[in-house]
Participant: 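Quick one: the structure is below, questions incoming.
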Amino acid sequence: MAKAIYSTHLGFFDILPDESPKWRALENIIHEEAAKFNFEEIRTPILEQTELIKRGVGQLTDIVTKEIFAFTKGDSNYVLRPELTAPVVRAYVQHHLGQRGGSQKLYYIGPMFRAERPQKGRQRQFHQFGVEIIGSDNPIADVECIAFMIRIYQRIGIQNFDLKLNSVGDPESRDRYKEVLKDYLKPNLSKLSELSQNRFEKNPMRILDSKEPEDQEFIKNAPVIGDHLNDESTEHFTRVCELLDKLNISYTLDPLLVRGMDYYTRTAFELTSSDLGSQDALAGGGRYDLLVEEIGGQPTPAVGFAAGMERLLIACEELEIKLGSEKSVDIYLVTLGEKAQTWGIETLSKFREMGISATMDYMGRSMKAQMKDANRENARYALIVGENELETGLLTLRNMEESEELQLTIDQVLGKFRS
RNA sequence: GAGCCCGUAGCUCAGUUGGUUAGAGCGCCAGGUUGUGGCCCUGGAGGCCGUGGGUUCAAUUCCCAUCGGGCUCCCCA
């Protein structure tokens, strides 16, 4: 590696010209599908108030305790957003979006930041797209959310994913279940991992999520929340499953699925893929009926998901799915001499005004070099202009694909492309 | 926060059991074709062998440190 004086921070990366087309292709797909679902885009600041993230995501979550980039400037505490559900809810409350009527169907695309140790499929700056449906507690909202998520992967051609589904219950069911779970774990508390012991009081359900070997046998036989949901939550979950069945979206029920953010209630889901390696979660989400109120709004039910774009692109690589098209330009002006260059830069404008992409050499290189460049840029045509052409008014238009040339006036060339 | 692996040209990598001018392929630039791309041929540019220190007559090679990168655990997208 040559030493550059400056480079990106650990876990940050540039999207270079060879990579950007697939990003743009992915973004276009998301925008197009969102339009079909009638979701509206929301863009929020990269920086939020630290307190919002702490309240929204949860004081005890890993994200807040060790993964946020935060700093203080003057009297304000800033944090680089680690996820977008809390900020979107903040915007919803701040701007009274509920007053627009109905449920708000929002989607977003953008960078997030978490101060973790980077590895495959995990960067400190990464990109997510996602959806938040705010204002409906109807299972239809849950299912539309999931349907949109699945739709993106299907359209791209990623098929071998696994949708895991669970209900983490409403507060009433959850409190009851937590007691049952704690009663079950208590006799063996000392045998659990240190991590799980710490979670025992604060958030016992997260113990189910543990991957520590010593916890596994206890987790295996633990009581499941499904058996402790109240009627309302059971009904909701049943309806979600029923609607997914109607849409032929297959899923596996995973009673151990407990997600990392504190705000989830009832429906929780996760999309994993075996094409990703260790970091196998493509996307995840769920219902968060308490978050709007937590952040200072009226009690308002909501559901959403977030998906990792880098992970989606990794899956594409593994599956050899090509996103985006090869670069190309309609016309490459090959100019020889200063007069021709002057003529060239004027003529470029004419093509561009017609909607034709056009470029030329900026370095006064030889014809051979310009032709080589035209080839490298995937030009459809080379338009060759030197002293001769300027005098006679007949230009050489070369079809790069067919290797055929025509002698035409500039008006004939323009006419050819006008159609 | 912890563990393992790796730093040689723009990229992918050889190589030096410590010894004079450090190599290949691809890419880039130019010429062969004085106005014609892709294929071919020839030539060229481009490396303080990541950085600092140590051992040695001599270090890109051995040792230590450091920085950077990759993967893994934890957790998440």
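Naming convention: chains lettered A, B, ... in sequence-line order (proteins, then strands); numbering from 1 in each chain.
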Participant: Tell me whether the side-chain N or O atoms of A/Ser403 pair up with the base of B/rG38 as donor and acceptor below 3.5 Å, since no angle test is needed here.
Facilitator: yes

Participant: Please state whether the phosphate of B/rC71, meaning OP1 or OP2, lies under 4.0 angstrom from any side-chain nitrogen or oxygen of A/Gln119.
Facilitator: no

Participant: Could you please name the partner base of B/rA14, counting Watson-Crick and G-U wobble pairs only when both distances are under 3.5 Å?
Facilitator: none

Participant: Does A/Glu179 come within less than 4.0 Å of A/Arg176, counting only side-chain N to carboxylate O?
Facilitator: no

Participant: If you check every side-chain atom of A/Lys372, which of B/rA77, B/rC73, B/rC29 has the closest atom?
Facilitator: B/rC29

Participant: Starting from C1' on B/rC28, measure out to CZ on A/Arg365 and report it in whole angstrom.
Facilitator: 10 Å

Participant: Salt bridge or not between A/Glu377 and A/Lys327? Use side-chain N to carboxylate O under 4.0 Å.
Facilitator: yes

Participant: Check the distance between B/rG10's C1' and A/Asp18's CG and give it to me in whole angstrom.
Facilitator: 12 Å

Participant: Expressed in whole Å, how much space separates the P atoms belonging to B/rG50 and B/rG15?
Facilitator: 15 Å

Participant: Sort out for me which residue in A/Thr265, A/Asp170, A/Asp142 forms a side chain to side chain donor-acceptor pair (under 3.5 Å) with A/Arg287.
Facilitator: A/Asp142

Participant: Which part of the nucleic acid, if any, lies within contact of A/Leu271, taking any heavy atom under 4.0 Å across all strands shown: a base, the sugar-phosphate backbone alone, or nothing?
Facilitator: nothing

Participant: Which whole-number value in Å describes the distance from A/Glu404 CD to B/rG37 P?
Facilitator: 17 Å

Participant: Name the nucleic acid region contacted by A/Asn388, choosing base, sugar-phosphate or nothing; use a 4.0 angstrom heavy-atom cut-off, strictly under.
Facilitator: base

Participant: Find the partner of B/rG43: check Watson-Crick (N1-N3 plus N6-O4 or O6-N4) and G-U wobble (N1-O2, O6-N3) distances, both under 3.5 Å, and reply none if neither fits.
Facilitator: B/rC29

Participant: Classify A/Ala379 by what it touches in the nucleic acid, base, sugar-phosphate, or nothing, heavy-atom distance under 4.0 Å.
Facilitator: nothing

Participant: Using the P atom in both, what is the distance from B/rU56 to B/rC11, to the nearest Å?
Facilitator: 36 Å

Participant: Do A/Arg376 side-chain and B/rC28 base share a donor-acceptor contact under 3.5 Å?
Facilitator: no

Participant: Students often get this wrong, so: under 4.0 angstrom with heavy atoms, is A/Gln125 touching a base, only sugar-phosphate, or nothing?
Facilitator: nothing

Participant: Quote, to the nearest angstrom, the C1' distance that separates B/rG3 from B/rU61.
Facilitator: 28 Å

Participant: Can you figure out which of B/rG37, B/rA77, B/rU72 approaches the side chain of A/Gln128 most closely?
Facilitator: B/rA77

Participant: Between B/rG38, B/rU36, B/rC76, which one does the side chain of A/Arg311 approach most closely?
Facilitator: B/rC76

Participant: Between A/Arg117 (CZ) and B/rA2 (P), how many Å, whole number?
Facilitator: 9 Å

Participant: In whole Å, what is the span from the CD atom of A/Glu389 to the P atom of B/rU36?
Facilitator: 12 Å

Participant: Between atom CG in A/Asn378 and atom C1' in B/rG37, what is the gap in whole Å?
Facilitator: 11 Å

Participant: Could you measure between the two C1' atoms, the one in B/rU36 and the one in B/rU21, and give it in whole Å?
Facilitator: 40 Å

Participant: Pick base, sugar-phosphate or nothing for A/Glu405, based on heavy-atom distances below 4.0 Å to the nucleic acid.
Facilitator: base

Participant: Give A/Lys368 one of three labels, base, sugar-phosphate or nothing, depending on what nucleic acid heavy atoms sit under 4.0 Å from its own.
Facilitator: base

Participant: Name the residue closer to the 5' end of RNA chain B, choosing between A/Gln123 and A/Met363 according to the nucleotide with the nearest heavy atom.
Facilitator: A/Met363

Participant: Both distances under 3.5 Å, Watson-Crick or G-U wobble: report the partner of B/rC71, or none.
Facilitator: B/rG3

Participant: What is the distance from CZ of A/Phe69 to C1' of B/rC76, rounded to the nearest Å?
Facilitator: 14 Å

Participant: Could you check which nucleotide pairs with B/rA65 in any of the strands shown, counting Watson-Crick or G-U wobble with both distances under 3.5 Å?
Facilitator: B/rU51

Participant: Which whole number of Å gives the distance between the C1' atom of B/rU55 and that of B/rG18?
Facilitator: 11 Å

Participant: Assign A/Ala374 to base, sugar-phosphate, or nothing according to its heavy-atom contacts below 4.0 angstrom with the strands shown.
Facilitator: nothing

Participant: Let me spell it out: for each of A/Gly308 and A/His9, pick the nucleotide of RNA chain B with the closest heavy atom. Which residue's pick is nearer the 5' end?
Facilitator: A/His9

Participant: At under 4.0 Å between heavy atoms, what does A/Ile384 touch on the DNA or RNA strands: base, sugar-phosphate, or nothing?
Facilitator: base

Participant: Using a strict 4.0 Å threshold on nitrogen-to-oxygen distance, state whether A/Lys339 and A/Glu391 make a salt bridge.
Facilitator: no

Participant: Distance between the P atoms of B/rA2 and B/rU66, in whole angstroms?
Facilitator: 13 Å

Participant: Has the side chain of A/Glu116 got a donor or acceptor that lies under 3.5 Å from a partner of the other kind on the base of B/rA77?
Facilitator: yes

Participant: Which of these, A/Tyr92, A/Tyr108, A/Phe39, sits in a side chain to side chain contact (heavy atoms under 4.5 Å, CB included) with A/Glu132?
Facilitator: A/Tyr108

Participant: Work out how far the C1' atom of B/rG23 is from that of B/rC64, and round it to whole angstrom.
Facilitator: 30 Å

Participant: Choosing from B/rU36, B/rC76, B/rA77, which nucleotide comes nearest the side chain of A/Asp280?
Facilitator: B/rC76

Participant: To the nearest angstrom, how far is A/Met400 atom CE from B/rG38 atom P?
Facilitator: 9 Å

Participant: One thing to verify: whether A/Lys120 and A/Glu318 come together as a salt bridge, which I'm taking to mean a side-chain N less than 4.0 angstrom from a carboxylate O.
Facilitator: yes

Participant: Taking the side chain of A/Leu336 as its heavy atoms from C-beta onward, which of B/rG38, B/rU72, B/rG35 lies nearest to it?
Facilitator: B/rG35

Participant: Ion pair present between A/Glu33 and A/Lys36, side-chain N to carboxylate O less than 4.0 angstrom?
Facilitator: yes

Participant: Could you measure between the two C1' atoms, the one in B/rA45 and the one in B/rC29, and give it in whole Å?
Facilitator: 7 Å

Participant: Within the structure shown, what part of the strands sits under 4.0 Å from A/Gly130 by heavy-atom distance: base, sugar-phosphate, or nothing?
Facilitator: nothing

Participant: When the ring planes of A/Phe129 and A/Tyr153 are compared, do they come out parallel, tilted or perpendicular, using 30° and 60° as the limits?
Facilitator: tilted

